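Everything numeric here is computed off the predicted structure, so don't read it as measured data. Chain A is the first sequence line, chain B the second, and so forth, proteins listed ahead of strands; every chain is numbered from 1.
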2 protein chains.
Amino acid sequence: MSLRIALLGLLSSSGPASGYDLTKKFERSINHVWQAGHSQIYPELAKMVIDGLVTVGAEGARGRKTYTITREGTAEVRRWLTERTPTEATRSESALEAFLLPLLDGPEALAALARMTSAIEAKLKGLEELQATHRREAATGRTHLGHYALNLGIMQTKTALTWAKETAADLEARMPPT
Amino acid sequence: MSLRIALLGLLSSSGPASGYDLTKKFERSINHVWQAGHSQIYPELAKMVIDGLVTVGAEGARGRKTYTITREGTAEVRRWLTERTPTEATRSESALEAFLLPLLDGPEALAALARMTSAIEAKLKGLEELQATHRREAATGRTHLGHYALNLGIMQTKTALTWAKETAADLEARMPPT
DNA sequence: TTGCCCATGTAATACGTTACATGATTTC
DNA sequence: GAAATCATGTAACGTATTACATGGGCAA
């Protein structure tokens, strides 16, 4: 369901696009929130045509097909946004790693935390670059779907960094002095 | 893979258990980080027996089977924790909702944010209760896998709350005065 | 004896990833 | 003419959810 909603959201905010375009847009914009490759996107678009949420125009160069959101499609995203009961379930490998951290002894756990920290920093860097791009585009008047999600992502990532620092300090405090 | 690791982690920290026990433990402890029901857990345990990561003892009352982690099983979790390259990919419906928020107009977006806020508050409450239980058990000397993950979860949830507040303020500032 | 919890499993369906497969157009 | 990018799709496999199905043991 979420993939469908994400696609409808992109089509709704940036107008008609091909499966290829949407795949690229996924990578560039929505990727930090939801991931999907072309092998998932093409079949989903086909299903949405059947369900009347998008229409497909005539084939262009290189077999390119352009999809346009329909009234029903628009209604569908709006319904999802306004009527869905939010579910706060998370499934995160890094959180699982945090969960299992006490299985390692002090030095090993610190090493694992160090690796996690680099990954988090890399993510933060990526998000901040995205935000910079975003701001440049906003200045030229383009719409900015995803602005709030970027803020959230950056805040969450910074929180993760704080957690890693605090956890490392805690582990060090528990280790016998050398 | 992660389900397997989670199960091995639980078996490693709290000793032999049945599929039923593990299902319950999932609900109570690891649930905020990873979710799995019995229909996923039973087959996975069977596969792990084949792969030599756990052994199954004789059947007890009501067909109960007790699984014990093997040396290979222990090695497997440790490998995962110490050798895996951490991946920071997230897939979150609430983040998707945040992403698409600009599709709604001011009042609608505020209403959606309000619904999100209640959900986040409910989650925070759940996590804090879990933490209280955790502390009671720690006082009685029991091991505390999941302590760090709980901290992380609580921090992240509070961050989400802050984000929701800030976003609501931003939306209000953009709305034409009544 | 009825209902609840313990205890295990399978089936159908959906969602997601990686790999395979093909061909047109542009750019160097 | 070779390489990169545009453009679409399918297949195989793995993971996750929901529903179906069964039966033992205990307590009211």
Do A:Thr167 and B:Asn151 pass the side-chain contact (heavy atoms from CB on, under 4.5 Å) test, and can you show the C-alpha distance, the side-chain angles, and the key distance before you say yes or no?
CA-CA 9 Å; A:Thr167 304; B:Asn151 289 345; 5.6 Å; no

Donor-acceptor under 3.5 Å (B:Thr70 side chain, B:Gly52 main chain)
yes

OP1 or OP2 of C:dT8 under 4.0 Å from side-chain N/O of B:Tyr42
yes

Length of the CZ-P vector between B:Phe26 and D:dT15, whole Å:
13 Å

For the side chain to side chain contact (heavy atoms under 4.5 Å, CB included) test, which of A:Leu145, A:Leu8, A:Val33 pairs with B:Leu100?
A:Leu145

Of the candidates D:dT10, D:dG9, C:dT17, the side chain of A:Pro43 sits closest to D:dT10

Distance-only check: which donor-acceptor pairs under 3.5 Å involve side-chain atoms of residues 40-50 of chain B, not counting sequence neighbours?
residue : atom : partner : partner atom : Å
B:Glu44 : OE2  : B:Arg4  : NE           : 2.8
B:Glu44 : OE2  : B:Arg4  : NH2          : 3.2

Just the rounded figure in Å: distance from C1' of D:dG9 to CG of A:Leu45.
12 Å

Tell me: CD1 of A:Ile41 to P of C:dT17, nearest whole Å?
11 Å

Of B:Ala61 and B:Gln35, whose nearest nucleotide on DNA chain D comes first from the 5' end?
B:Gln35

How many Å lie between NE2 on A:His38 and P on D:dT8, as a whole number?
10 Å

Let me know the distance between CD of A:Gln40 and C1' of D:dG9, rounded to the nearest Å.
15 Å

How long is the line joining CG of B:Leu3 and C1' of D:dA16, in whole Å?
10 Å

Got a list of side-chain donor-acceptor pairs under 3.5 Å for residues 91-99 of chain A, not counting sequence neighbours?
residue : atom : partner : partner atom : Å
A:Arg91 : NH2  : B:Gln35 : O            : 2.6
A:Ser92 : OG   : A:Ser94 : N            : 3.3
A:Ser92 : OG   : A:Ala95 : N            : 3.0
A:Glu93 : OE1  : B:Arg84 : NH1          : 2.7
A:Glu93 : OE2  : B:Ser2  : OG           : 2.8
A:Ser94 : OG   : B:Glu88 : OE2          : 3.4
A:Glu97 : OE1  : B:Arg84 : NH2          : 2.2

Looking across every strand, which nucleic acid part, if any, lies under 4.0 Å from A:Arg4 by heavy atom: base, sugar-phosphate, or nothing?
nothing

Spacing between A:Arg64 atom CZ and D:dA7 atom P, to the nearest angstrom
5 Å

With the side chain defined as heavy atoms from C-beta on, A:Arg62 is closest, among D:dT8, D:dA16, C:dT26, to C:dT26

Atom-pair distance (OH on A:Tyr20; P on C:dT26), nearest Å:
14 Å

Assuming nearest nucleotide by heavy-atom distance, tell me which of B:Lys47 and B:Ser39 is located more 5' along DNA chain D.
B:Lys47

Mapping B:Glu59 and B:Lys24 onto DNA chain C by nearest heavy atom, which one lands closer to the 5' end?
B:Lys24

